[in-house]
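Following: one structure in structure tokens, then a few remarks.
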Amino acid sequence: MADQQISKPDCRILGIESSCDETAAAVVENGRAILSNVVASQVDLHAQYGGVFPEVASRQHILAIYPIIEQALREAHLNLSDLDGIAVTRGPGLPGSLVVGINAAKGLAIGSGLPLIGVNHLEGHLYSAWLYKANGEADIPAEPEFPLLALIVSGGHTELVLMRDHLTYEHLGATLDDAAGEAFDKVARLLGLPYPGGPAIQKVVLAGGDPSGTQFPRAWLEGTWNFSFSGLKTAVLRVVRDMEELGAEIPVADFAASFQEAVVEVLVVKTLQAAKKFEAKAILVAGGVSANKALREAFMTRSPLPVHIPPISLCTDNAAMIAGLGCFRFWTGQRDSLDMDVLPNWPLSEI
Ligand code: KG4
Ligand code: ZN
């Protein structure tokens, strides 16, 4: 989509997100300005299971979705009749969770006559980098420049993508096994830390983790833009088992720090190499793991190019990114039919 070729009438889109364990609704104006952004997290509910329990997630979405949508409209001081469309996550995600969001969106579309726009959750993460809070104190952030080298690091995905323009993606690489967030979650569990693992690992590291004692392996997968984190996870498992067999106390914070350092190094080095190779003008990092302080700092200090990372509240799942992307899709003329179904395994490469 060449930016200058399409007209961009003012548009306000309601976004609905329910792909995993966050029920969220938001209103975004013209693809960038957040008028409201409401997220109901189920994290506390799933923590007792050590991960997301799909049936529980689905039931919780049903209870939360309409109150959350009403709150998003109320906080934006708008009615449905003030909007131009309803964007909703079609996938990827948990089928039973996606269905709740998509059915809510269809119900509202039928009742209001507004167009329905089904969007990809991973693409939504990318568009979180265009958002800013309307009427906020801070200046409006600059838009990322194309060609843009984007790294998506979430609980289910780790992808390197080249964007030469809006809504166009060249898929460079992805994880061959665990996603970066999944590795954080699994290693946290090995270390006896709570779910979700990313924030838990970050917390113990910041409280005093020393990475210098143990060096965990980095899978560089030279000659490809792919990643692999399962070997790293197994390496942590092995040292934890060794210490347990010796009856020694596990240095949780130090192991967590070494693990985090290994993940950050591979993500940053490979992304910067790809940016150089494809002559990108900027770097974009998005998805839950981009909330990680060490990762953010490493990109900021080591990148010769401008780095766009959304504020922490927009890194993890939210509906503002779905509404923002929905505006860009609205401008291309995308309108989906009311028999649109969920796509639980929808890869970014098939958009
Ligand atoms: O994007 P997201 O909210 O949901 C998915 O689409 O998967 O990402 C969730 C993932 C979880 O694996 C979580 O542990 C990780 O993001 N995460 C973090 C941090 N905050 C969330 N990982 C590392 N450091 C963090 N601060
Ligand atoms: Zn996500």
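Order of appearance sets the numbers: ligands from 1, and atoms from 1 within every ligand.
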Near G181 (heavy-atom distance under 4.0 Å), the atoms of ligand 1 are 12 (O)
Near H125 (heavy-atom distance under 4.0 Å), the atoms of ligand 1 are 1 (O), 6 (O)
Between N318 and E17, is there a side-chain donor-acceptor contact under 3.5 Å, judged purely by atom types and distance?
no
In short, ring pair (Phe, Tyr, Trp, His ring centres under 6.0 Å) pairs touching residues 56-96 with sequence neighbours left out are none
field: Side-chain donor or acceptor of D336 paired with backbone N/O of G118 under 3.5 Å
entry: yes
query: Would E55 and R59 pass as an ion pair if we require N to O under 4.0 Å?
result: no
The atoms of ligand 1 lying under 4.0 Å from a heavy atom of G155, numbered in the order shown, are 5 (C), 7 (O), 8 (O), 9 (C), 10 (C), 12 (O)
The protein heavy atom nearest to atom 24 (N) of ligand 1 is N292 ND2, 3.0 Å
- Is there a donor-acceptor pair under 3.5 Å between the side chain of D178 and the backbone N or O of A183? no
Ligand 1 to D185, heavy atom cutoff 4.0 Å, flagged ligand atoms 11 (C), 12 (O), 13 (C), 14 (O)
Only residue of V153, V263, L193 satisfying side chain to side chain contact (heavy atoms under 4.5 Å, CB included) with F184 is V263
- [ ] Could you verify whether a donor N or O on one side chain and an acceptor N or O on the other, from S212 and D210, lie under 3.5 Å apart?
- [x] yes
re atom 17 (N) of ligand 1, the protein heavy-atom contact at minimum distance is G288 O, 3.5 Å
Note: ligand 1 atoms sitting under 4.0 Å from heavy atoms of H121 are 6 (O)
When distances are taken from atom 23 (C) of ligand 1, the protein heavy atom at minimum range is G198 CA, 3.4 Å
### Query
Non-hydrogen atoms of G156 versus ligand 1: any pair closer than 4.0 Å?
yes
Any donor-acceptor N/O pair, K281 side chain to P306 backbone, under 3.5 Å: no
Under 2.8 Å from the Zn ion (ligand 2), the protein N, O or S atoms found are H121 NE2, H125 NE2, D317 OD1
When distances are taken from atom 26 (N) of ligand 1, the protein heavy atom at minimum range is Q202 OE1, 3.3 Å
Mind telling me whether H166 and F146 have parallel, tilted or perpendicular rings, with 30° and 60° as the class edges?
-> perpendicular
heavy-atom search around atom 3 (O) of ligand 1 in the protein gives D317 N, 3.1 Å
